[in-house]
Amino acid sequence: MAPYLETVKSFADVSVTDAGVDTLAFLEAAEGLVGLFDLLGSAAFSVVQNDLKGNIAKVRARYDAAPNVSGTLEILVENEKMEKKRTATEGLLWLLRGLSFTCKALQNSQANKTEELAAAFTKSYEGTLKKFHNFVVKGIFAVAMKACPYRADFYKKLAADPSGGPPATQEKLDENLNRWLAALDAIVTRVETFYEKGGYGKGF
């Protein structure tokens, strides 16, 4: 084994070409992000994890059903637009929102080394997901934010090798995490722009 970020696919390794973002590589990296919430160690985040998992499953189901027209996220969405139910298009839209929330929270944390995670996640929630949620869901997320572990404990888990090997140095951890987050941010921005230009999010 190795520290967490070295055991999952990095968004920095997801192929992005003129045709778009590689679907399978993106889903694999997104699954790695879901596992990150296990390190936060709170059942309160299960609502976030379950939402991400459910939306990953919707996109994967579309890929499995029509792999020839789902090689990239953009091609998948473009080809599903003719159908009555655009399950994967809606799932990907919500997946992007959830990924953006997580990305911005960790970027906040990286930029403000003295700030606790609860503050970083709350700030991110207010700028990303909050506007899409009703009163009940906002309450659930408020509880989750308060349940964030101490910053030092989370980063210690992120650096640790579960098999007992040496932990990653702070420099190595920062390098991997910043690279991972920058690539995720770029992918989310790219695909969200694609949705806006094509009007693919209408009705969701």
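The figures that follow rest on heavy atoms only: side chains count, while hydrogens, waters and symmetry mates do not.
Scanning both residues, Ala160 and Pro167, for their nearest heavy atoms gives CA-CB, 4.2 Å. The two residues Ser15 and Thr17 have their closest heavy-atom pair at OG-CG2, 3.7 Å. Closest of all the heavy-atom pairs between Leu129 and Gly98 is CD2-N, 4.2 Å. The minimum heavy-atom distance linking Arg62 with Ala88 is given by the pair CB-CB, 3.4 Å. Summarising the geometry of Ala105 relative to Ala120, their closest heavy-atom pair is O-CB, 3.5 Å, with the distance given to 0.1 Å. Residues Pro3 and Ala159 come closest through the heavy atom pair CG-O, 3.3 Å.
In the hydrophobic clustering of ILVMFWY residues, with side-chain heavy atoms under 4.5 Å counting as a link, Val69 and Val77 come out apart. The same ILVMFWY cluster, assembled from side-chain heavy atoms under 4.5 Å apart, contains both Val8 and Phe26. Put simply, Val21 and Tyr63 are part of two different groups of oily side chains (I, L, V, M, F, W, Y) that touch within less than 4.5 Å, one to the next. Hydrophobic clustering places Leu39 together with Phe37 (ILVMFWY residues linked when any side-chain heavy atoms are closer than 4.5 Å, directly or through intermediates). Hydrophobic clustering of Ile, Leu, Val, Met, Phe, Trp and Tyr side chains at less than 4.5 Å, counting indirect connections, keeps Leu33 apart from Leu24.
Side-chain atoms of Leu76 and Val59, non-hydrogen and from C-beta on, do get closer than 4.5 Å to each other. Between Asp38 and Phe45 the shortest side-chain heavy-atom distance does not fall below 4.5 Å. Here the side chains of Gln49 and Leu52 are not in contact, with every heavy-atom distance at 4.5 Å or above. Using a 4.5 Å heavy-atom threshold, the side chains of Lys123 and Glu115 count as touching. At least one side-chain heavy atom of Leu158 sits under 4.5 Å from a side-chain heavy atom of Leu36. Between Tyr4 and Thr7, some side-chain heavy-atom pair lies under the 4.5 Å cut-off. Contact check for Arg179 versus Phe11: no side-chain heavy atoms found under the 4.5 Å cut-off. When side chains are defined from C-beta on, Leu93 does not count as touching Thr89, because their heavy atoms never get closer than 4.5 Å.
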Please lay out, stage by stage, how Cys148 and Phe154 fare under the test side chain to side chain contact (heavy atoms under 4.5 Å, CB included).
-> CA-CA 9 Å; Cys148 280; Phe154 171 68; over 6 Å; no
Salt bridge (charged side-chain N to carboxylate O under 4.0 Å, His left out) between Glu196 and Lys202, intermediate numbers included | CA-CA 9 Å; Glu196 285 167 22; Lys202 284 178 183 169; over 6 Å; no
Would you check, one step at a time, whether the test side chain to side chain contact (heavy atoms under 4.5 Å, CB included) holds for Val48 with Tyr125?
-> CA-CA 11 Å; Val48 185; Tyr125 179 67; over 6 Å; no
Please step through side chain to side chain contact (heavy atoms under 4.5 Å, CB included) for the pair Lys157 and Asp153, ending with a clear verdict.
-> CA-CA 6 Å; Lys157 284 182 182 177; Asp153 292 341; 5.6 Å; no
List the steps, then state whether side chain to side chain contact (heavy atoms under 4.5 Å, CB included) holds for Leu40 with Leu117.
-> CA-CA 10 Å; Leu40 290 169; Leu117 290 184; 3.9 Å; yes
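Proximity of the aromatic rings of Phe121 and Phe101 is defined here by a centroid distance below 6.0 angstrom, and this criterion is met. Aromatic pair Tyr155/Tyr150: ring centres not closer than 6.0 Å.
Asn178 and Gln107 form no side-chain donor-acceptor contact under 3.5 Å, judged by distance and modelled atom types alone. Defined by atom type and a distance below 3.5 Å, a donor-acceptor pair is present between the side-chain atoms of Arg151 and Ser109. With no hydrogens or angles considered, a side-chain donor-acceptor pair links Gln110 and Asp174 at under 3.5 Å.
Test Thr102, Thr128, Leu99 against Val188 for side-chain contact (heavy atoms from CB on, under 4.5 Å) and you get one pass: Leu99. In summary, of the residues considered (Lys197, Arg190, Lys81), a salt bridge (charged side-chain N to carboxylate O under 4.0 Å, His left out) with Glu74 occurs for Arg190 alone. Glu31 pairs in a salt bridge (charged side-chain N to carboxylate O under 4.0 Å, His left out) with only one of the listed residues (Lys9, Arg60, Lys53), which is Arg60.
Checking side-chain atoms of Thr72 against main-chain N and O of Ala19 turns up a donor-acceptor pair under 3.5 Å. The backbone N or O of Lys58 lies less than 3.5 Å from no partner atom in the side chain of Thr87, so there is not a single donor-acceptor pair. Under the 3.5 Å distance criterion, the side-chain polar atoms of Asn112 are left unmatched by any main-chain donor or acceptor of Thr114.
For the atom pair CG of Leu96 and CD1 of Ile187, the computed distance is 10.0 Å after rounding to the nearest 0.5 Å. To the nearest 0.5 Å, the span separating CD on Glu192 from OG on Ser100 amounts to 5.5 Å. In this structure, CD in Glu28 is found 13.0 Å from OG1 in Thr23, a value given to the nearest 0.5 Å. Note: Leu95 CG to Leu27 CG = 7.5 Å, rounded to the nearest 0.5 Å. Annotation: the span from Glu90 atom CD to Lys85 atom NZ amounts to 8.5 Å, rounded to 0.5 Å. Atom CG of Leu106 is separated from atom CG of Leu181 by 5.5 Å, given to the nearest 0.5 angstrom.
Within a 6.0 Å radius of NZ in Lys113, more than 12 heavy atoms belonging to other residues, nucleotides or ligands are found. A 6.0 Å sphere centred on NZ of Lys156 holds no more than 12 heavy atoms belonging to other residues, nucleotides or ligands.
Geometrically, Arg86 does not engage Tyr200 in a cation-pi contact defined by less than 6.0 Å to the ring centre and at most 45° from the axis.
Taking 4.0 Å as the cut-off between side-chain N and carboxylate O, Lys104 and Asp185 count as a salt-bridged pair. Using a 4.0 Å cut-off between charged nitrogen and carboxylate oxygen, Asp51 and Arg97 do not count as a salt-bridge pair.
Ring orientation note: the planes of His133 and Trp94 are close to parallel, at an angle under 30° on the 30°/60° scale.
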